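So the structure is just underneath, and the comments pick up after that.
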4 protein chains.
Amino acid sequence: MHFASDNWAGAHPTIAESLAQHAGGFAAAYGSSELDKKVEQRFNELFEREVAVYFVGTGTASNSLALASVNRPGGVTLCHREAHVIEDECGAPEYFTGGARLHPVDGAHGRIDPANLRKELKRFNPAFIHAGQPMAVTFTQATEVGTLYSLDQIAELSSICKTHNLPLHMDGARFANALVSLDVSPAEMTWRQGVDIVSFGGTKNGCWCAEALVFMNPDRAKDLPFIRKRAAQLFSKTRFIAAQFDAYLQDDLWLDLARHSNKLAQKLAAHIDASSQVRLAWKPQANEVFAIMKQTTYDRLQKAGVIFYDWNPPHSEADKISEGEIFTRFVTSFANTEAEVDQFGALIA
Amino acid sequence: MHFASDNWAGAHPTIAESLAQHAGGFAAAYGSSELDKKVEQRFNELFEREVAVYFVGTGTASNSLALASVNRPGGVTLCHREAHVIEDECGAPEYFTGGARLHPVDGAHGRIDPANLRKELKRFNPAFIHAGQPMAVTFTQATEVGTLYSLDQIAELSSICKTHNLPLHMDGARFANALVSLDVSPAEMTWRQGVDIVSFGGTKNGCWCAEALVFMNPDRAKDLPFIRKRAAQLFSKTRFIAAQFDAYLQDDLWLDLARHSNKLAQKLAAHIDASSQVRLAWKPQANEVFAIMKQTTYDRLQKAGVIFYDWNPPHSEADKISEGEIFTRFVTSFANTEAEVDQFGALIA
Amino acid sequence: MHFASDNWAGAHPTIAESLAQHAGGFAAAYGSSELDKKVEQRFNELFEREVAVYFVGTGTASNSLALASVNRPGGVTLCHREAHVIEDECGAPEYFTGGARLHPVDGAHGRIDPANLRKELKRFNPAFIHAGQPMAVTFTQATEVGTLYSLDQIAELSSICKTHNLPLHMDGARFANALVSLDVSPAEMTWRQGVDIVSFGGTKNGCWCAEALVFMNPDRAKDLPFIRKRAAQLFSKTRFIAAQFDAYLQDDLWLDLARHSNKLAQKLAAHIDASSQVRLAWKPQANEVFAIMKQTTYDRLQKAGVIFYDWNPPHSEADKISEGEIFTRFVTSFANTEAEVDQFGALIA
Amino acid sequence: MHFASDNWAGAHPTIAESLAQHAGGFAAAYGSSELDKKVEQRFNELFEREVAVYFVGTGTASNSLALASVNRPGGVTLCHREAHVIEDECGAPEYFTGGARLHPVDGAHGRIDPANLRKELKRFNPAFIHAGQPMAVTFTQATEVGTLYSLDQIAELSSICKTHNLPLHMDGARFANALVSLDVSPAEMTWRQGVDIVSFGGTKNGCWCAEALVFMNPDRAKDLPFIRKRAAQLFSKTRFIAAQFDAYLQDDLWLDLARHSNKLAQKLAAHIDASSQVRLAWKPQANEVFAIMKQTTYDRLQKAGVIFYDWNPPHSEADKISEGEIFTRFVTSFANTEAEVDQFGALIA
């Protein structure tokens, strides 16, 4: 019963096979191979426009370089108070931007509250240089806590950004999970709502190590080759990333894998909802489920071989947890099975 | 006839197979899996001591984080004037150290001249803070120009470092090529000569993407987990690197691949030596061959399908190239064949 | 009626005179002059222990270098949500630390709430490297909103720091104003309560440009000469700072100036308290007074020649301001007079 | 006999007086005072065009922020091998640019050799991102070794920069000394020869602490307010710098002081030239004199109370110094007298 994280899974067999198949022969290094170009073209089709795509090795790199590409002196990026960029990347975004600040904005259930975003932006005044200058807004889709922004909610963030002339970045580490849950196209979930830059994640959804930084407007990305190389994220044998994406994006594999994960998360949530020993923190919308339980239950589950994490509760929810209760996270992936989930369900029934 | 670079090759079949084999099942993420631990243990055996090993994605990352780990305010790292760190990493070492300087030292045939190193170090004076403070010496083995440091030459660098209380870092992007050419053990080529930190490269010698940062003294590395994560080099599914190294280091595969590359380089050099149209810049000792030719020969070879690069000549050799001549680089890899090399030989005979 | 800021005043005549007096003759540059040494010795007496003192040019430099001196990879400094370091230094602390994060902690009236500090620190776990590692706590005395930490409140912050093995830094841009208001000694307000590093400000209290970074434990400061020089804060003719401090710290000038400013702030607050047109946001304890008024009053005061700023209200107080009301700041300095304050009082009576 | 450095002098009486005179009264902080604006206007007149002027506290800050303002990812600035930026600023330019590299170019007598500059620039190729991208050329006028670039030599550097589309920066720490020696106008020595950015130094020539960063094209400087503030170089009471420049630039005081220093340097050089115990390293053109002497002479002069430094010889001259000889530097300033110089002359006669 492996619910620790979607990155505890390995690579999907189809992706592993693609890698093996492309291992032979010579190909131009540093992103210039035929396969690299084919996959870049695939991204254009996916997003229904000409985009600029840069492969990198980790989601942290993808987010950090997205922000580095829109960096300004005294720059401030607004994000949710518990965004991955601010809580889980060990300061990489600040490091790669030479110290641009991440400014936390509160909001329930992992979503930036638009009213709070407006209020925080008001605190900056172009003439008051001491406060620095806003440089971007970044949000996570699906969010860090397994919820989603609806298309309208994305459009609202984007409309605020436009008022302040700020680019909008989407951390799409779980892009596919959000996409299939909303049942929309990549274009609809991104640039049609005003998203400018996307960290397009493949790793958590069945790849070994495949992340793409996608700029909806290629002009924004003209320094990216230097930004990526300077950040040690230009792989010499980039086709090893291209080969993963090639398989991932073919025949809707990526969407199928995400649908599987999401379905299991729904099933897992249903088990919890039906249980008297564990309660859902909120309704999951992607492949992460947050639940609250007593220490005794926690210990019993761990002993029974359920692998999951205790987790820092979001500030907005912290007072809903009583003394002695534990806030926990369960994540499902392409590699989990219904049987596993039902086995867990039986444990808490 | 692919002699552009050893990173134009893909992955060796044995390594590709290992990856495929480890794709299934769950494993702890972020470097804690059984396989990660097994490979770390393998490095201990390899170096005949307990070392600290950190997997990263690129050689540039490995070198940059090595220097970041010994960083000091106003820090200066001395390196060869045409070292990879200073000429080929787009400023990554300076970027990852927040601006520590690389101070170039001259030397013939890609090797730091110990007399020059001593002279340059003399220019720094602990009481004269304006000059900054030396923080490390880094050298490349095999060098950027396909030559080697003998054990004695390494020991001499190390002895200078000890006088100045500086750590000595080896950029071992082509560690295996150097090792088999010198016919010594990893311990002999490193810590027994006083090397403190090694960037141990696997990518150029048959892996997809496998680099290890090895600290001979684990105490030096205690901040590395944060240094690596902050640098976006902590992969979630690290076993994809571990699986490569596992196969690479088994049954002397890595040594066999390096021997093959080096042998082809020797053969290629022999062809050049015998040719009246191309001349060797110097005698190669690993898997890179540098040669000088006229434009007409250059064009003819390119047209015949020989893939190789023209290259910036080292400062120390620049005046040996006449007007109209072109300085070029040929690299052999595990994926090249004798036939390919002989085909090239026939072209220049 | 100049209440815009204490940095709209120039230099106190005694300080100007000291500068003029030391303008002649030769003296060793870069902090080695006799005068530099004399003033350093004066700081030892002031703090009743041997401290390490580094002159710098701005309060922002002082705070940023304090944090740079305790920097760690993935480092996080906890501070009040509206601390000067996070709101008013244009990202300098993040910039000078190469991206260490400032983590905001809520608290009423400009003071870090100890319970919140404990909670936020709990979110960090040495084994969970993704979150980074706490590296310091910094607080401002007097606070950004004109209040003070009592000795006990400082001791409580320090006790939390000790539990987590973190250095405690005091931003003392208005050190003197706090000191005379609490009526304690420098030692009592700092190291006797567990403060490790102090940004000791002179500029806002009558100097031109005189800030000192004071380390209670000189061992902590051994890299400071390089940290300061690399940050372009090592002045060649440092005696121009030393000469200011020499006069500032002589015959209690600094305390007299601070008492004067604080007294005028109390008077100004009394006028506001007595007014029906303006109300105090809270009781001032140093030389800054925050007040709330209607737009019409605001316009009338501006037109009458009162110079003051509208200000972003602290998050903790934002809901106490009604729609249409303006949050404002008045600052008094050594250069203000009672007459000026009373003239203002008459305007709002 | 104080010849250690021009920064061992204090402030010229006229400048000290100006400071004292402006100490009283209130004025807008952070560069917005009337006096700030008046001095900015004075710079426009001086340079015979509308320039953008930013006051900073040190020459190191001025140079570093000049480079930060033209920073690019993977950026490389070419400078003389012994330029102040690379040898004497403790890595500040690399630090403030987040790791942009300084690339040394050889040249005799402290001047960048244009042929070498062209050769080094050739090593960069826009398509070869590994090498990074040139971002600027910086040169020092007067040079670090007391020589000058003629107008034609400046124009040649600028012409090379234009070919490569690079801004040209002048480190003018001793701008006035160069200007009076060449007997040209500020416009002639800068933008009329194609210089884009000037670090205009006042400190070494009679100010306490007055440096100005001057952009010939104000459009280039639009981010400077944030760049300066983030770098902790925005002083609150900027009029203390403005007051110095106000006096410095009035009635040709700055030119008179520089003429005085230069004249004494010529006299000092003449004494050396006439001596059999000391020899000139080369002919001085500004206010720095470099000389070579035996240890016995060195000791005797030190004992006689002559204050001067031994110095690292430039690489280009290192082999002209015999074993046992000492390379030394003598600097004259506004505060030295003819008598002092003649007293020294008598000692070596």
Side-chain angles (χ1 to χ4, degrees), chain A residues 2 4-13 15-17 19-30 33 56-65 89-92 94-96 98 203-204 207-209 225-226 228-237 239-241 243 307 333 335-336, chain B residues 2 4-13 15-17 19-30 33 56-65 89-92 94-96 98 203-204 207-209 225-226 228-237 239-241 243 307 333 335-336:
Chain A
H2 281 91
S5 180
D6 30 13
N7 57 34
W8 281 48
H12 186 269
I15 287 162
E17 203 177 293
L19 255 185
Q21 178 196 329
H22 285 99
F26 292 91
Y30 298 118
S33 79
V56 295
T58 63
T60 294
S62 194
N63 290 337
S64 297
L65 298 193
E89 303 188 349
C90 199
E94 293 93 338
Y95 182 54
F96 281 97
T203 308
K204 288 183 195 293
C207 295
W208 268 127
C209 157
F226 292 98
R228 179 174 60 171
K229 172 67 194 174
R230 177 183 61 165
Q233 288 288 337
L234 176 58
F235 293 87
S236 53
K237 301 179 177 177
R239 63 172 141 151
F240 95 91
I241 297 185
I307 301 180
S333 77
N336 288 112
Chain B
H2 282 91
S5 181
D6 30 12
N7 57 35
W8 280 47
H12 186 270
I15 287 162
E17 204 177 293
L19 254 185
Q21 178 195 332
H22 285 100
F26 293 90
Y30 298 117
S33 79
V56 295
T58 63
T60 295
S62 192
N63 290 335
S64 298
L65 299 193
E89 301 187 349
C90 200
E94 293 93 337
Y95 182 55
F96 281 95
T203 308
K204 289 183 196 292
C207 294
W208 269 128
C209 157
F226 292 99
R228 179 173 60 172
K229 172 68 194 175
R230 178 184 59 166
Q233 289 288 336
L234 176 58
F235 294 87
S236 52
K237 301 179 175 175
R239 62 172 141 153
F240 95 91
I241 297 186
I307 301 180
S333 78
N336 288 112

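In what follows, every chain begins at residue 1, and chains take the letters A, B, ... in the order their sequences are listed. Just so it is clear, the model here is predicted, and its values are computed rather than measured.
- Contact of L234(A) with chain B is made through the backbone alone, with heavy-atom distances under 4.5 Å.
- Taking OG from S236(A) and CG from D6(B), the interatomic distance works out to 8.5 Å, rounded to the nearest 0.5 Å.
- Smallest separation of non-hydrogen atoms from F96(B) and A232(A): CE1-CB, 3.8 Å.
- Nearest heavy atoms, C90(A) versus F226(B): SG-CD2, 3.7 Å.
- Considering only heavy atoms from C-beta on, W208(A) stays 4.5 Å or farther from W208(B) through its side chain.
- If you measure heavy-atom distances from A4(B) to chain A, you find no contacts under 4.5 Å at all.
- Between the NZ atom in K237(A) and the OG1 atom in T58(B) there is a gap of 13.5 Å [rounded to 0.5 Å].
- For chain A, the nearby part of S333(B) is the side chain; its heavy atoms alone come within less than 4.5 Å.
- Here the shortest heavy-atom pairing between Q233(B) and Q233(A) reads NE2-NE2, 3.5 Å.
- Taking chain A as the reference chain and counting heavy-atom pairs below 4.5 Å, the highest number among G59(B), A92(B), G25(B), A27(B) is found for A27(B).
- Proximity to chain A involves both the backbone and the side chain of T203(B), based on heavy atoms less than 4.5 angstrom apart.
- When the candidates A16(B), G24(B), A9(B), P13(B) are compared by the number of heavy-atom contacts under 4.5 Å with chain A, A9(B) comes out ahead.
- Here the straight-line distance linking atom OG1 of T60(B) with atom CZ of R230(A) works out to 13.0 Å at 0.5 Å rounding.
- In terms of non-hydrogen atom pairs under 4.5 Å with chain A, the most contact-rich of A243(B), A61(B), C209(B), A20(B) is C209(B).
- When each of S33(A), S64(A), G10(A) is scored by its heavy-atom pairs under 4.5 Å with chain B, the top score falls to G10(A).
- For the options G57(B), A28(B), G91(B), heavy-atom pairs under 4.5 Å to chain A are most numerous at A28(B).
- Contacts with chain A were tallied for S62(B), C207(B), S5(B), A29(B); A29(B) has the most, counting heavy-atom pairs under 4.5 Å.
- Contacts of N336(B) with chain A are made by both backbone and side-chain atoms, with heavy-atom separations under 4.5 Å.
- Residues Y30(A) and N7(B) are in side-chain contact: their nearest non-hydrogen atoms beyond the backbone lie under 4.5 Å apart.
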